[in-house]
Amino acid sequence: MRPAFSHRGVDQIIKVISERLGISMPVVREAIKVLLGFARKRIAVAQFEEIMAKIPGASALLAEISTVTPAGSGGLLSSLGGSVGDAAKVFSSLQSAGLQSAQIGPFVQAFLEKSREIAGPEIVDEFVKQVPMLKAFVKS
């Protein structure tokens, strides 16, 4: 059973991305968890909490992420350093969440656009600044 989210937060982002890109809502939910989980590891706690507070339901969605390291993590992807390694890890995790390779760029773009509408451009721009590998997935 899917947890209830506010109508102006994560559930709206999920619905819009699902409709816009033709991706099932469960896949979009999992892919957003991947992005938020990755960001949580790279943004200072106070700053991350501020960002999460601006998107209703984001903290609840993030709480669904298991703290157990997934099987098969590590290996070549973990040995890659910097933003190239980060992008490779996120790309692989987004595929594991159910996105096709060709859907990843449009998904990240749509997530950032809809998040800007809800949380405000300053918050999302800071999010991207703190997690620069997201730029690898977005068309300039």
Side-chain angles (χ1 to χ4, degrees):
M1 185 159 113
R2 188 172 94 84
F5 294 116
S6 97
H7 292 292
R8 180 107 176 102
V10 168
D11 63 335
Q12 182 184 20
I13 294 171
I14 292 168
K15 184 175 189 251
V16 167
I17 293 172
S18 176
E19 290 172 355
R20 184 185 301 173
L21 301 179
I23 302 169
S24 75
M25 289 177 60
V27 169
V28 173
R29 283 180 92 251
E30 290 304 310
I32 289 174
K33 285 194 249 182
V34 167
L35 291 182
L36 295 178
F38 182 79
R40 177 174 56 183
K41 295 175 185 174
R42 280 149 180 83
I43 298 176
V45 173
Q47 192 172 25
F48 185 74
E49 288 174 359
E50 179 183 346
I51 292 168
M52 293 294 92
K54 297 287 185 180
I55 303 175
S59 293
L61 184 65
L62 192 58
E64 295 177 17
I65 297 175
S66 172
T67 56
V68 176
T69 303
S73 66
L76 175 63
L77 294 180
S78 67
S79 69
L80 294 171
S83 61
V84 171
D86 288 345
K89 284 184 242 181
V90 171
F91 190 86
S92 176
S93 296
L94 289 170
Q95 286 180 314
S96 294
L99 291 177
Q100 301 295 321
S101 296
Q103 294 173 318
I104 292 174
F107 164 77
V108 173
Q109 180 80 37
F111 173 74
L112 294 175
E113 286 172 7
K114 196 63 189 167
S115 296
R116 275 189 181 91
E117 290 176 26
I118 292 171
E122 312 80 30
I123 292 290
V124 176
D125 290 345
E126 185 61 29
F127 181 84
V128 173
K129 181 179 172 186
Q130 296 295 319
V131 189
M133 70 88 218
L134 289 176
K135 293 177 189 172
F137 300 113
V138 179
K139 294 178 183 174
S140 300

I would like to know whether E64 and R29 meet side-chain contact (heavy atoms from CB on, under 4.5 Å); could you show each step before the answer? CA-CA 10 Å; E64 295 177 17; R29 283 180 92 251; 2.8 Å; yes
Nearest 0.5 angstrom please: Q130 CD to E126 CD, how far? 4.5 Å
What pairs with S18 under side chain to side chain contact (heavy atoms under 4.5 Å, CB included), at least two apart in sequence or on another chain? M25, V28
Closest non-hydrogen atom pair between V34 and S93, with its separation: CG1-CB, 3.6 Å
Would you compute the distance between atom CE of M52 and atom CG of L61 and round it to the nearest 0.5 angstrom? 9.0 Å
Shortest non-hydrogen separation from A97 to A31 and the atoms involved: CB-N, 3.9 Å
Nearest 0.5 Å please: distance from the NZ atom of K129 over to the CD atom of E122. 13.0 Å
Which of L94, V131, L134 passes side chain to side chain contact (heavy atoms under 4.5 Å, CB included) with F38? Answer is V131
Taking it one step at a time, do R116 and E113 satisfy salt bridge (charged side-chain N to carboxylate O under 4.0 Å, His left out)? CA-CA 5 Å; R116 275 189 181 91; E113 286 172 7; over 6 Å; no
Heavy atoms only: give me the nearest G9-I118 pair and the separation to one decimal. O-CD1, 3.6 Å
How would you list, by chain and number, every residue that makes a side chain to side chain contact (heavy atoms under 4.5 Å, CB included) with A110, sequence neighbours excluded? I17, R20, L21
Check: S96 side chain, S92 main-chain N or O, donor-acceptor pair, under 3.5 Å: yes
Quick one: pull up CD1 in I55 and CD1 in I13 and give me the separation to the nearest 0.5 Å. 5.0 Å
Nearest atoms (heavy-atom pairs only) where A119 meets V124: CB-CG2, 4.4 Å
Closest contact, heavy atoms only, F48 versus I43: N-CG2, 3.6 Å
Would a single hydrophobic cluster contain both L99 and V16, if residues Ile, Leu, Val, Met, Phe, Trp and Tyr are joined by side-chain heavy-atom contacts under 4.5 Å? no
Spatial distance of atom CG (L62) from atom CD1 (I65) [nearest 0.5 Å]: 4.5 Å
Just verifying a value: how many Å separate R42 CZ and M133 CE, rounded to the nearest 0.5 Å? 8.0 Å
For E50, which residues count as a salt bridge (charged side-chain N to carboxylate O under 4.0 Å, His left out) partner, sequence neighbours excluded? none
Criterion side-chain contact (heavy atoms from CB on, under 4.5 Å) on F111 and L36, from CA distance to verdict: CA-CA 11 Å; F111 173 74; L36 295 178; 4.3 Å; yes
